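Treat the numbers as computed from the prediction; the structure is a model and nothing was measured. So you know, we letter chains A, B, ... as the sequences are listed, proteins then strands, and number each from 1. As a basis for the values below, the full set of heavy atoms in this structure was taken, side chains included, without hydrogen atoms, waters or symmetry mates.
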Amino acid sequence: MFKFIAKRLLQSVLVLFVIITVTFFMVRFAPGDPFSAERNMQEHIRERLMAHYGLDQPLHIQYFRYLGNLAQGDLGPSFVQTTRSVNQIIAATFPVSLELGAWALLIALGLGIPAGIIASVYRNTALDYVPMSAAMIGICLPTFVLGPSLALIFGVWLDWFNVSGWFEARDRVLPALTIGMVYAAVIARITRGGMLEVLSQDYIRTAQSKGVPFRRILFVHTLKGGLLPVVSYMGPALAGIISGSFVVETIFQIPGLGTEFVRSAFNRDYTLVLGTVIVYATLITTANLLVDVVQVILNPRLKFED
Amino acid sequence: MYTMDFIRGEYRSGVVWLSAFCGLLLLLTGCGGSLPNTDQGVRDQILLLGNGAEPKSLDPHIATGVTENKIISALTEGLVAHHPSDDNAVEPGVAERWEHNEDYSVWTFFLNPRARWSNGDTVTAHDFVFSFQRMLSPALAAEYGQMLFIMKNAQEFHSGTVSDFADVGAKALDDHTLQLTLVGPTPFFLSMLMHYSWFPVHPPTIEQHGGMTDRDGRWTLPGNHVGNGPFMLAEWRPNQFIKVVPNPYYWDRDVVRLNAIYYMVISDANTERRMFDSGRLHVTNTLPSNDINWFRNNRPEVLRISPYLGTYFYRFNVTRAPLNDVRVRQALSKAIDRELLVEAVVQGGQQPAFGYVPPGFNDYETPHLVEFNPEEARRLLAEAGFPNGRGFPRKTILFNTLEDHRKIAEAIAAMWREHLNIQVDMENKEWKVYLDAQTNLQYDIARAGWIGDYMDPITFLEMWTTGNGNNNTGWSNADYDRIIAEAFRSHSPETHFGKLLEAETILLTEMPITPLYWYNNIRLIDPRVRGWYNKLLDNRPWKHVYLAD
């Protein structure tokens, strides 16, 4: 297992390196630069700024310089938010996105798995149809519709929550629900499918005929196998929840990394684009690795292969 | 059917893990404290203000945007200040009075001896000299440095041909007397002087945090920041808000009634509207155009529409045929029904443009040279070789990706189809790509906008001179360049405005651009906000704003 993890870690580093390289050059090929604006700056001012940030050097020199700084943990200055370095921006915003993602994940799993289990147990009854139809709606409802609707209902009309901001504990509820609901819906459907598959297996029928209590069949024999598809979905889901929070962060004005990520691309804030990409890439590769490990632990038929 | 029974015994460990996870999350959810709502705000004189995107810098010499300007104008005060309601009037700032010589080329400012920095230091004439030197230092690369080129030898100092700042026309005659010598007569100098590029910075603070030419602005962070405005920086939470509180040393402290201003960072106009609706904002920065009519019909008392010193226009790329023919440009311009455009498409109560420079200046009125005249348009197009639009090549309207711009482009394309029988395409591009295309003249017709920097029409007209970085049309006219240069050097306001009128007449006859409408500021404002007047440049002396039931 350790060999497996070590090997995967090594692969991740390689993947990360490729991502950094591709991103570095791709953002440079996009038209415009961090300093282009509706009001054009004079040429000599632009030249000074370019020189100040080392953007006047040949691209490959800038690239190696960037890698050198990166090796020392320095992600560089932000070209747009001049008072803060990329390290500072990420240090301030990443925990926020992570927390938002964790709440959303909790909602996704907390609603999705029980709903899926109930639906599979009471297959083809109202307890199956109602949650599954709701889940279908949840999957179809984009966050930019759900978020403002929740804000309008619970923020403006009922006044239970603030419509935006990230100050009080209750400010977490609406944004986490907005992100979490969509994933809860997907997880509910996947759980139901996984459970049904296992429930129809011979060994379950054997256990039943032997008179094992249903509670035990469900939670000991079925759940472990039935949740396997959910676990494999967790990799992409985690990535989506954490990196896809941009829309929700904008709707609820949350000072998270998602906003910085998208805005940096629009601003051509090269260093911040790279910094955020590195964080996301690291996070996603780590999440995938974790999912692989958990899958093997849950499913004895899989092995850590070299 | 199976029967369900819930978690017991062996499943308890899962419950424990889940609780631990939640506990950890709750720990992460530190209590940031809550912000006041509008009612509390009124009670405690705390103004909650929507202020758009996260400000990029609070350094008056580095900042360039409207968002930043609103905060900087609370934290810093220039020699002269904005009047609370009259756009053309000048109020004393750090200078309590001033005088100029006969031809407006040498100005002397007498500083208020009670003017103080927020740490208690006296604001002196030397501080201004230091600030101007900083602004003009090539190493600082200040974008608005050219605003100061109006001072003698300033441009030379900036470009390096003059190395001693003592040769530049900024002298501290004593601690409280500042003399500025300009390159020539400048009757409109005071209106320029209100721009934040002329604002002072506190020299010891600058020296302590990186020195005169440091661009990183660590001195602007809370705890470091020292300013001389009516307010001082209390808190800066990136992507959340900036909070300012009264500066106890401010010379006019008695006038300041607000106890705090929260400049809320809100990047989405719909979010901002919801915050206003739920009592979290006194004033919004903007209003989604779709919501204007709703507020007009349902809550007119909170809707505030006021003229803004800006023009929405289309650029013609005069290096591309047939747009290189002035008759074609005139024809296209005369085939646009601007009244209809504003009424049916833009819908924000804007004024259709009949000239280029927006209305609102005391001594200047734009010539009435832009009109809707489809017959004349058809005649001109025929004269240019395209009778009834025949043979007119397919051209494209470029705009940056935004629904409002698309609607306008579609309406104009329809007008050209109807009145000139020509087809145009539309192309939207992401902001920076769109800017790049304009700068490199890779477009046919492009949507554009311009907001004035200060209260003089020259802020709109200078950009069309040959080679100006904001021209971006390929248009060049020697007479125009000469007249603008003369307008800069006029000995009296009368000749100054006379020259500008001459220049604008050339511009609108040659028509490298066609104006569409003049901007409005459209926002929601709580009726309990007092001392908030409609301002053409939206420059607000915050010390006069307060809240009352």
Heavy-atom pair count under 4.5 Å with chain B, highest-scoring of A:Glu47, A:Arg46, A:Arg263, A:Glu249:
A:Arg263
Does the side chain of B:His158 come within less than 4.5 Å of A:Ile45's, by heavy atoms?
yes
Residue among A:Ile254, A:Thr93, A:Asn162, A:Ile89 with most heavy-atom pairs under 4.5 Å to chain B
A:Asn162
For the interface with chain B, which of A:Leu109, A:Leu223, A:Leu152, A:Thr250 has the highest count of heavy-atom pairs at distances below 4.5 Å?
A:Thr250
Below 4.0 angstrom, N of the basic side chain to O of the carboxylate: do B:Glu430 and A:Arg268 qualify?
yes
Heavy-atom count check: over 12 atoms from other residues, nucleotides or ligands less than 6.0 Å from B:Trp294 CH2?
yes
Given the options B:Arg274, B:Lys56, B:Glu54, which has more heavy-atom pairs under 4.5 Å with chain A than any of the others?
B:Arg274
Which is it for A:His52 and B:Leu140 under the side-chain contact (heavy atoms from CB on, under 4.5 Å) test, yes or no, and what are the steps along the way?
CA-CA 9 Å; A:His52 178 75; B:Leu140 186 74; over 6 Å; no
From B:Arg280 atom CZ to A:Gln253 atom CD, the distance as rounded to the nearest 0.5 Å:
14.5 Å
Treating B:Gln240 as the side-chain partner and A:Trp166 as the backbone partner, does any N or O pair qualify as donor plus acceptor under 3.5 Å?
yes
To check you understand the geometry: which heavy-atom pair defines the closest contact between A:Arg48 and B:Ala141, and what is its length?
CB-CB, 3.6 Å
I need the residue from B:Leu221, B:Val265, B:Asp268 with the largest number of non-hydrogen atom pairs under 4.5 Å to chain A.
B:Val265
When every non-hydrogen atom of A:Gly155 is compared with those of B:Ser278, the smallest separation belongs to O-CB, 4.2 Å
For residues B:Tyr434 and A:Glu38, determine if any side-chain heavy atom of one lies less than 4.5 Å from a side-chain heavy atom of the other.
yes
With a sphere of 6.0 Å drawn around CZ of A:Phe246, does it hold more than 12 non-hydrogen atoms of other residues, nucleotides or ligands?
yes
So which heavy atom on B:Ser34 is nearest to which on A:Glu168, and how close?
CB-OE2, 3.0 Å
Cation-pi, B:Trp450 ring and A:Arg39 (6.0 angstrom, 45 degrees)
yes
4.5 Å side-chain heavy-atom contact, A:Glu260 and B:Asn239:
yes
With a 4.5 Å heavy-atom cut-off, do B:Asn472 and A:Asn40 have their side chains touching?
yes
Measure the OG-CG distance between A:Ser78 and B:Asp216 for me, rounded to the nearest 0.5 Å.
10.5 Å
Side-chain heavy atoms of A:Gln42 within contact of B:Glu143, under 4.5 Å:
no
One should read off an interatomic distance between A:Phe35 CZ and B:Thr64 OG1, to the nearest 0.5 angstrom, of 11.5 Å
Note, A:Thr83 side chain near B:Thr220 side chain (heavy atom, < 4.5 Å)
yes
When the 4.5 angstrom heavy-atom criterion is applied to A:Asp33 and chain B, the contacting part is backbone
Just by distance, do the side chain of B:Lys432 and the backbone of A:Ala265 share a donor-acceptor pair under 3.5 Å?
no
Any side-chain heavy atom of A:Pro255 within less than 4.5 Å of one from B:Arg237?
no
Audit row: B:Arg215, A:Leu49, side-chain contact (heavy atoms from CB on, under 4.5 Å) steps and yes/no
CA-CA 10 Å; B:Arg215 284 185 58 91; A:Leu49 285 180; 3.1 Å; yes
Mind ranking B:Ala53, B:Ala139, B:Gly145, B:Ser57 by heavy-atom pairs under 4.5 Å with chain A and telling me who comes out on top?
B:Ala139
Which region of B:Asn224, side chain (C-beta onward) or backbone (N, CA, C, O), has a non-hydrogen atom less than 4.5 Å from a non-hydrogen atom of chain A, or is it both or neither?
neither
Relative to chain B, which segment of A:Pro114 carries a heavy atom at a distance below 4.5 Å: side chain, backbone, both, or neither?
neither
When heavy-atom pairs shorter than 4.5 Å are enumerated against chain A, which of B:Asn400, B:Thr271, B:Thr439 gives the highest number?
B:Thr271
Most contacts with chain A, counted as non-hydrogen pairs under 4.5 angstrom, among B:Ala437, B:Ala448, B:Pro138:
B:Pro138
